Amino acid sequence: MTTPLESPRRDAVPAELVVLDMAGTTVLDDGVVESAFQRAAERTGVADRMPWGEALAYVRDTMGQSKIDVFTHLAGGDRAAAERATAAFEGAYAEIVAEQGVTPIAGAADAIQDLKDAGLAVVLTTGFAPVTRDALIDGLGWRGLIDLALSPVDAGRGRPAPDLVLTALLRTGASSVSAVAVAGDTVSDIESGRRAGAGFVAGVLTGAHDRDALTAAGADAVLADVTALRASLAEHDLLRLVAATP
């Protein structure tokens with residue numbers, strides 16, 4: 001189900017590239033990110049300057065952002081402490097994935113393939129470091145499914161800055177930002193897409209933030225999950241020049 005627009009923001013430009021978030025959008029999170037943050041905080045003391053409840057609330061509010069930026073805030077601006085905590089987070093996340101495995105959002109792989117079959121490039125983006133990102137992709141067996149995967153270090157800045165979306169555009173050769181569609185489960189995903197000037201930005205309800213938050217951030221549509229994205233693009237007349245597939 002989508003949230004209807006009162007009026008279109010711009011003339012529809014057919015999509016050429018879809019930029020998808022990972023944890024909470026295409027990869028099941030199920031509290032893994034929060035657990036990894038907690039393990040990292042306990043091991044490094046990075047959040048000791050504030051009550052843990054306050055620190056956890058900040059982590060939830062900033063889901064989707066670069067982990068080094070989140071830890072820099074929790075560390076009161078101490079970049080060295082943030083770097084240690086980020087390394088601890090990546091280690092903790094890898095531990096949890098080893099313990100629990102990695103699970104895609106139901107139907108995500110088929111949804112990505114549907115987008116590819118419609119002639120669109122698909123890029124995954126994340127706030128994780130490349131080592132964690134690549135472990136997730138390999139664990140899912142998606143290496144040959146996607147065109148590219150990007151972390152903040154590949155682009156300059158993490159979300160909500162536009163860098164990841166713009167780097168995806170440059171790396172894939174999409175013709176313009178208006179030909180880019182973005183989908184994610186967090187306010188940061190939506191803000192990143194809006195700041196990049198993406199032609200279509202969708203929120204999904206399988207992760208951190210709810211419909212009201214995603215709509216307030218500027219989502220063109222709010223979807224139950226990523227499997228509804230292709231239909232929403234078609235509904236917004238963004239697949240009209242792409243060869244149709246069954």
Side-chain angles (χ1 to χ4, degrees), residues 17-37 39-40 43-44 59 62-71 82-113 115-116 120-174 180 182-186 188-189 192-193 204 206-208 226:
L17 165 65
V18 179
V19 179
L20 300 174
D21 171 54
M22 292 186 67
T25 301
T26 54
V27 181
L28 186 66
D29 175 43
D30 200 23
V32 175
V33 170
E34 288 186 15
S35 295
F37 265 108
R39 290 189 189 188
R43 292 170 184 177
T44 64
V59 168
T62 57
M63 282 290 187
Q65 296 186 19
S66 170
K67 302 303 175 277
I68 185 67
D69 292 341
V70 176
F71 277 119
E83 289 174 354
R84 291 192 297 272
T86 300
F89 169 85
E90 301 293 346
Y93 195 95
E95 290 172 3
I96 297 169
V97 168
E99 294 163 6
Q100 303 178 8
V102 56
T103 304
I105 294 292
D110 288 342
I112 293 171
Q113 188 61 59
L115 293 167
K116 298 283 292 179
L120 306 176
V122 177
V123 174
L124 297 183
T125 60
T126 181
F128 296 143
V131 63
T132 303
R133 175 200 72 204
D134 291 345
L136 289 173
I137 292 170
D138 289 339
L140 292 164
W142 286 1
R143 186 67 60 182
L145 180 63
I146 60 172
D147 291 273
L148 183 66
L150 297 171
S151 294
V153 69
D154 303 310
R157 295 172 296 175
R159 296 179 293 238
D163 302 32
L164 285 164
V165 176
L166 296 176
T167 299
L169 179 151
L170 292 171
R171 296 275 189 95
T172 60
V180 179
V182 174
D185 65 293
T186 71
S188 292
D189 293 312
S192 179
V204 296
T206 48
V226 71

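Treat the numbers as computed from the prediction; the structure is a model and nothing was measured.
- In terms of heavy-atom proximity, Thr44 sits nearest to Arg84 at CG2-O, 4.0 Å.
- Under 3.5 Å, the side chains of Thr25 and Asp185 contain a donor-acceptor pair of N or O atoms.
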Contacts under 3.5 angstrom, residues 94-110 side chains, donor-acceptor by atom type, not counting sequence neighbours:
from	atom 1	to	atom 2	distance (Å)
Glu95	OE1	Arg39	NH1	3.1
Glu95	OE1	Arg43	NH1	3.3
Glu95	OE1	Arg43	NH2	2.9
Glu95	OE2	Arg43	NH1	3.2
Glu99	OE1	Arg39	NH2	3.2
Glu99	OE2	Arg39	NH1	3.4

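- Residues Ser192 and Asp189 bring no donor and acceptor atom of their side chains to less than 3.5 Å of each other.
- Ion pair Asp154/Arg171 not flagged as a salt bridge, since none of the NZ, NE, NH1 or NH2 atoms sits closer than 4.0 Å to an Asp/Glu carboxylate oxygen.
- Looking at Trp142 and Ile112, their side chains come closer than 4.5 Å, going by heavy atoms from C-beta outward.
- Among all heavy-atom pairs drawn from Leu164 and Gly158, the shortest one is CD1-CA, 4.5 Å.
- Distance check: Thr26 OG1 to Leu140 CG gives 7.5 Å after rounding to the nearest 0.5 Å.
- Screening Val18, Leu166, Val165, Thr172 for a side-chain contact (heavy atoms from CB on, under 4.5 Å) with Val180, the sole residue that qualifies is Val165.
- The closest side-chain donor-acceptor pair between Thr126 and Arg133, if any, does not fall under 3.5 angstrom.
- A donor-acceptor pair under 3.5 Å links the side-chain atoms of Glu90 to the main chain of Ala129, judged by distance alone.
- Taken to the nearest 0.5 Å, the CG atom of Leu150 stands 6.5 Å off from the OG1 atom of Thr167.
- Atoms CG and CG, on Leu20 and Leu115 in that order, are 6.5 Å from each other to the nearest 0.5 Å.
- Ala36 and Ala92 make their closest contact through O-CB, 3.8 Å (heavy atoms, listed as atom of the first residue, atom of the second, distance).
- Considering all non-hydrogen atoms of both residues, Gly184 and Asp21 come closest at CA-CB, 3.9 Å.
- For Thr125 and Arg159, the side-chain atoms include at least one donor-acceptor pair closer than 3.5 Å.
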Open item on the list: If you apply the rule side-chain contact (heavy atoms from CB on, under 4.5 Å), what do you find for Thr206 with Val226, and how did you get there?
Closed with: CA-CA 8 Å; Thr206 48; Val226 71; over 6 Å; no
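- Closest heavy-atom contact between Ala82 and Phe71: CB-C, 3.6 Å.
- Distance check: Glu34 CD to Asp29 CG gives 7.5 Å after rounding to the nearest 0.5 Å.
- Taking 4.5 Å as the limit, some side-chain heavy atom of Met22 sits within range of a side-chain heavy atom of Ile137.
- At least one side-chain heavy atom of Phe37 sits less than 4.5 Å from a side-chain heavy atom of Val70.
- When all heavy atoms are compared, the tightest approach of Asp147 to Ala121 is OD2-CA, 3.3 Å.
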Task: Steps toward side-chain contact (heavy atoms from CB on, under 4.5 Å) verdict (Tyr93, Leu136) - done: CA-CA 10 Å; Tyr93 195 95; Leu136 289 173; 3.8 Å; yes
